[in-house]
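Notes to accompany the following structure.
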Amino acid sequence: MSSNPNRLPQNESEAPKLSISQRAAAKASGAPALEADYLEGLNPEQREAVLTTEGPLLVLAGAGTGKTRVLTTRLAHIIGTRKAWPSQTLTVTFTNKAAREMRERALKLIGPDAGGLSWLGTFHSISAQMLRKHAELAGLKPSFTILDTDDQVRLCKQVIEAEGIDPKRWTPRFLAGLVDGWKNRALTPDKVPNDEAYAFADGRGAKCYQIYQSRLGVLNACDFGDLLLHTIRIFQQNPDLLADYHAKFRYILVDEYQDTNVAQYLWLRLLAQGTGNICCVGDDDQSIYGWRGAEVDNILRFEKDFPGASVIRLERNYRSTGHILAAAASVIDQNKSRLGKTLWTEGEKGERLKVRGFWDGESEARQIGEEIEAWAREKRSYEEVAILVRASWQMRLFEERLILLGIPYRVIGGPRFFERAEIRDAMAYLRLIRSPDDDLAFERVVNQPKRGVGGTSLAKLQTMARADGRPLTTLARMILQTDELKGAARTGLMRFIDQLDLWRDKLAGGMPHTELMEVILDESGYTDMLQKDRGPKSQSRLDNLKELVRAMGEFDTLEGFLQHVELVMDVGGQSGGEEVQILTLHAAKGLEWPLVFLPGWEEEVFPSKRSIDENGLKGLEEERRLAYVGITRARERCHISFAANRQIYGRWQSVLPSRFVDELPEDSVDVASDTGYGAGATGFGTAFGAVGGGVVEDLGTSSYNSPGWKRLQANKAKGRTVSEPSYTFDGDARIIETGSSPGDMAFPLGARVFHDKFGYGRVVGGDGQKLTVDFEKSGTKKVIATFLSTP
DNA sequence: TTCTTCACGCTTTTT
DNA sequence: GCGTGAAGAA
């Protein structure tokens, strides 16, 4: 190795050796360390291309093919061969977590002495970094604040009220969503298409957006979208500045390219115009963030967008068994718009996937609980197990079950630390001390805890502030000079302003920011308020505030802490030990487990009804990619399940198996026959038999057009064993709601039934042959259904 | 101003 | 079924 670390090596053999643990082994096998350790499985041309390609490069990396390895290895190679210094590379990810992991892995390869990777981060953090340098070019002060979703919505509310729009008809949340969507597509207020502006308050959409933007300017703030948009505009309007960045960034690397939105694409394209050395890694089949602006088209169009681009396909999977891959492939193959890859493995075919139908969510959870116990009996660990659900409300049943069984588990996701009300309140106090002009923070805590400054006083302040163009704190001081406010409002506001001044002085006087936080919570009465609240949540709120103080201690200054938190809305989570993981499919991207449960595969739950309603085929295909992501998380075993009846928002509903169940390949799937309910048939028939309730619901109307019925017939035609709903009904009676306690019939006691003649009723009895229903209105008990065969 | 009551609506999640 | 949020009551 060269003794002078600052001398640029003349050729690759002189490049610094790589400090990776397996280096010795690699050497023994005669292969250069990098390739042997990290790019195993690529053919020689691909290896060469990943490491040395100049110009645009797209790596299409299927699930489990080592996507991140490709990116880190390329980065390390560029730095290791001194094609660029670390500071001359730009590496972009979507999440802070991904950025952290990338940094760790890259530093392992290039060694910690190689210099900081100061331009490795998320789109937003890198944009913020740039924007703080050139804030004045965007009409901002470098100390601008970054608003989070909550602030955004509140600002939208103000805009709506100021415009005299009915906030019930046109909700602030909706406007915030529209603005967000426009920003994702890099549309400034003047560029919003007319018809879309009409989607809000009869054509006032673009105007509201305009006002929202000018309010942001006054507040010296931007939202997340602005971080990118301002940067893009600065680049467009200042070619010489852009040229500086072109000279600076010799290589650009992008992770998860399929998740980029229009703004991010433009941002990348501007920066890549310099060297053209942009390497994007992604998988079109794993694009699951369309609903927040990701454009799969970006990856589909890559070769057009970046002329002369090379494309590499990584299709060898190192993660899952053959059956799991076959199942995933068979599902994703139904999607029309995809680039197309075929994953393969040299590993075992492994176990077939299990598909099971259950009567309801409880029995599904019960069964999954048993499977996990069996897994543990095989001396395998709980942390190897994950339950992946479509929506977070589905988690509850599993939590309850695992608690009952005493199985340790952890829910991943859930409310973020910095989004909790108490944390946001505390943060608002800090923001107000840092910048007295932060109106949103002022509004948030001026009456929290209660100081007698209620809606009327605040509204008075706001109208005056708006007329005057001055921030709320300034106006509060002015109004206190007059006798505009009386009684509690006046004393409360005065005390608030005085306290703010006092705390600000303490900070200026050198009080550590952690101590200041404690003082604020104490003197403001916030802690008192929580301690007096005997609610079930108040203790955990107090704990959270303690945790906040602890987290603040990791930063030297208040300013450093605030700037970090605005971008990274998360606090370093404790990594779990021996725990089953429960998480959403979205949160599972990028992770893997030996044993994966995929419950709740029911039409309208997964694929989600709303997704299809709102986005049609596009929505459905995204749901299908979600199914693909789910299946490919499994290394060894994968259990898919669905129920016939499910409680959604407290209401019982009959549900049908997801169409994705049908898309699984028969050869790789076992359908269990122990579903218990339904008409008790076997094979795929069981699955659909169990769903008899769903078919029955529509009896007499459109049941023969329902997807469940059609599939039942199709399966019958294929010669599979199917079970048809085997009961006749008196009139047009239909099951509309089922009880939760399964009796020994297909329709448990308590099932709610509707009858054309008698109205609503509940199942009160039955003997496997007959169903007796008590009708609420008429008071008559009547046998309405007779089973042709005993279930 | 604050407390109480009813209506509503409700994916997925990051920055 | 539950939490939020806005309208009415003390």
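The sequence lines fix the lettering, A, B, ..., with proteins before strands; numbering per chain opens at 1.
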What integer distance in Å separates [X]:[atom1] from [N]:[atom2]?
{"X": "A:Asp259", "N": "B:dT14", "atom1": "CG", "atom2": "C1'", "value": "10 Å"}
{"X": "A:Lys589", "N": "B:dT14", "atom1": "NZ", "atom2": "P", "value": "11 Å"}
{"X": "A:Arg100", "N": "B:dT15", "atom1": "CZ", "atom2": "C1'", "value": "13 Å"}
{"X": "A:Glu566", "N": "B:dT14", "atom1": "CD", "atom2": "P", "value": "18 Å"}

Base, sugar-phosphate or nothing for [X]? Non-hydrogen atoms, less than 4.0 Å.
{"X": "A:Thr149", "value": "base"}
{"X": "A:Asn447", "value": "sugar-phosphate"}
{"X": "A:Lys157", "value": "sugar-phosphate"}

Below 30° counts as parallel, above 60° as perpendicular, anything between as tilted: where do the rings of [X] and [Y] land?
{"X": "A:Phe555", "Y": "A:His564", "value": "tilted"}
{"X": "A:Trp182", "Y": "A:Tyr209", "value": "parallel"}
{"X": "A:Phe224", "Y": "A:His124", "value": "perpendicular"}

OP1 or OP2 of B:dT14 versus the side-chain N and O atoms of A:Asn96: is any pair under 4.0 Å?
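No, A:Asn96 has no side-chain N/O under 4.0 Å of OP1/OP2 on B:dT14.
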Enter syn or anti for the glycosidic conformation of B:dT12, syn applying to angles within 90° of 0.
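It is anti.
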Nearest heavy atom decides the nucleotide; on that basis, is A:Thr122 or A:Lys450 closer to the 5' end of DNA chain B?
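Looking at DNA chain B, the more 5' nearest nucleotide goes with A:Lys450.
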Can you give me the first and the last nucleotide of DNA chain C (5' to 3') that has an atom within less than 4.0 angstrom of a non-hydrogen atom in chain A?
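Contacts span C:dG1 to C:dA6, reading 5' to 3'.
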Report yes if the distance between the aromatic ring centroids of [X] and [Y] is under 6.0 Å, otherwise no.
{"X": "A:Phe442", "Y": "A:Phe496", "result": "yes"}
{"X": "A:Tyr265", "Y": "A:Trp267", "result": "no"}
{"X": "A:Tyr245", "Y": "A:Phe235", "result": "yes"}

So which atom in A:Asn544 and which in A:Ile423 form the shortest heavy-atom distance, rounded to 0.1 Å?
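For A:Asn544 versus A:Ile423, the nearest heavy atoms are O-CD1, 3.6 Å.
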Identify, with sequence neighbours excluded, every residue that meets side-chain hydrogen bond (donor to acceptor under 3.5 Å, both in side chains) alongside [X].
{"X": "A:Ser125", "answer": "A:Thr122"}
{"X": "A:Glu364", "answer": "A:Ser641, A:Arg646"}
{"X": "A:Glu400", "answer": "A:Arg396"}

Nucleotides 9-13 of chain B: which of its N/O atoms have a protein N/O under 3.5 Å away?
| residue | atom | partner | partner atom | Å |
| --- | --- | --- | --- | --- |
| B:dT11 | OP1 | A:Tyr649 | OH | 3.0 |
| B:dT12 | OP1 | A:Ser392 | N | 2.9 |
| B:dT12 | OP1 | A:Ser392 | OG | 2.5 |
| B:dT12 | O4' | A:Arg390 | NH2 | 3.4 |
| B:dT12 | O2 | A:Trp291 | NE1 | 3.4 |
| B:dT12 | O2 | A:Arg390 | NH2 | 2.4 |
| B:dT13 | OP1 | A:Thr584 | OG1 | 2.3 |

Run through DNA chain B and report every stem of 3 or more consecutive Watson-Crick or G-U pairs, distances under 3.5 Å, ordered by first number.
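In DNA chain B, stems of three or more pairs: B:1-10 with C:1-10.
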What do the steps show when you test A:Asn261 against A:Arg185 for side chain to side chain contact (heavy atoms under 4.5 Å, CB included), and what is the final call?
CA-CA 7 Å; A:Asn261 61 34; A:Arg185 286 151 61 203; over 6 Å; no
